[in-house]
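The next block holds one structure in the form of structure tokens; read it before the comments.
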Amino acid sequence: PMTSPEFTDPQAIARNAADAIRSRLSLTSVDMGLVLGSGWSAGVDRLGTTLGRIPLSELPGFFAPVVAGHGGDLVAVALPSGKTAVVLTGRTHFYEGRGVEPVVHGVRTVAALGATTMILTNGCGGLDPSWGPGTIVAIRDHINLTGATPLRGATFIDMSTAWTPRLLEVTERVAPGTPTGVYAQFRGPQYETPAEVRMARTIGADLVGMSTALEAIAAREAGLDLLGLSLVTNHAAGVTDAPLDHAEVIAAGKQAAPRLASLLADITAA
Ligand SMILES: Nc1nc2[nH]c(I)nc2c(=O)[nH]1
């Protein structure tokens with residue numbers, strides 16, 4: 001019945017998804033997983049040789065993305081380094097109201113495939129006036145403002161080096177001068193008020209978004225090394241006096257696409 005564990009235990013569902021992926025794409029081993037957020041998914045073809053592609057909605061536990069500009073596929077890629085990457089060109093956001101499990105299902109599936117590294121990318125709002133649309137920032141820490149967590153029970157996960165220092169060093173090596181910042185996840189779907197942006201700045205955030213922190217917690221629970229890359233698509237509300245709109249977000253992503261693609265290619269080839 002639908003109430004039995006393979007339908008309710010998120011780890012079992014992730015194992016089901018991993019089994020489906022391995023069999024459909026005849027994958028032997030997977031080294032890393034990537035989630036490509038707003039603006040990033042155009043870069044998947046430059047990472048290496050595509051081994052296969054499955055619409056996410058065809059896999060256990062996944063949903064088709066509901067946001068325009070989000071892909072919605074799982075793509076297996078043979079990287080130049082000889083490693084294999086599994087790339088999710090879209091994600092389920094917490095604001096869709098499906099609960100926290102679908103939000104972190106991609107990370108859990110990547111872990112169930114045996115990967116050891118997770119790269120999370122996103123589009124976000126920038127709090128630093130000098131980080132205009134198109135700025136790429138590596139995440140060095142996060143603030144989870146959702147009030148939620150994917151963890152259940154006494155799973156006291158250490159988060160002191162959640163964002164793997166070695167991967168931040170790789171990023172600096174392949175793209176010297178890449179700024180690093182603290183990413184705050186808001187629940188959304190509304191953007192922040194100017195007062196909420198000032199609060200975020202005051203508590204130490206440099207970036208505001210509606211993804212990534214919950215996924216990071218699940219990645220650390222799974223023991224994955226973790227790298228986060230944010231594309232600033234807009235100044236957060238009140239940072240400048242311009243209003244926010246989704247068209248601007250998509251445009252900034254398209255304009256930055258070549259740089260995002262080459263950065264990901266260089267990092268995953270390292
Ligand atoms: N919370 C939040 N999420 C975002 N996602 C994008 I793209 N821009 C923003 C933003 O300004 N605030």
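Position 1 is the first residue of the sequence; numbering continues from there. For ligands, and for the atoms within them, numbers begin at 1 and follow the listed sequence. Quick caveat, the model's predicted, so the values are computed rather than measured. Heavy-atom basis, side chains included; hydrogens, waters and symmetry copies ignored.
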Check step by step if salt bridge (charged side-chain N to carboxylate O under 4.0 Å, His left out) holds for R108 and E215. CA-CA 9 Å; R108 288 181 168 152; E215 291 151 282; over 6 Å; no

Output, in order, the C-alpha distance, side-chain angles, deciding distance and verdict of side chain to side chain contact (heavy atoms under 4.5 Å, CB included) for L25 and R53. CA-CA 8 Å; L25 299 184; R53 181 185 292 260; over 6 Å; no

Among protein heavy atoms, which lies nearest [atom], and at what distance?
| atom | result |
| --- | --- |
| atom 5 (N) of ligand 1 | G123 O, 3.7 Å |
| atom 7 (I) of ligand 1 | T233 OG1, 3.1 Å |
| atom 4 (C) of ligand 1 | Y191 CE2, 3.7 Å |
| atom 3 (N) of ligand 1 | G209 CA, 3.3 Å |

Note: A237, heavy atoms under 4.0 Å from ligand 1, region reported as neither

In terms of atom number and element, which parts of ligand 1 are under 4.0 angstrom from non-hydrogen atoms of [X]?
| X | answer |
| --- | --- |
| M210 | 1 (N), 2 (C), 3 (N) |
| V208 | 1 (N), 2 (C), 3 (N), 4 (C), 9 (C), 10 (C), 12 (N) |
| N234 | 6 (C), 8 (N), 9 (C), 10 (C), 11 (O) |

Over all atoms of both residues, closest heavy-atom pair of I139 and L168: O-CD2, 3.7 Å

For [Y], is there any backbone N or O sitting under 3.5 Å from a side-chain donor or acceptor partner on [X]?
| X | Y | result |
| --- | --- | --- |
| S26 | S23 | no |
| T146 | A148 | yes |
| W40 | N122 | yes |

Out of H93, E192, R187, indicate the one that has the non-hydrogen atom closest to atom 2 (C) of ligand 1. E192

Check against salt bridge (charged side-chain N to carboxylate O under 4.0 Å, His left out), D158 and R220: CA-CA 8 Å; D158 167 35; R220 297 307 292 165; 5.8 Å; no

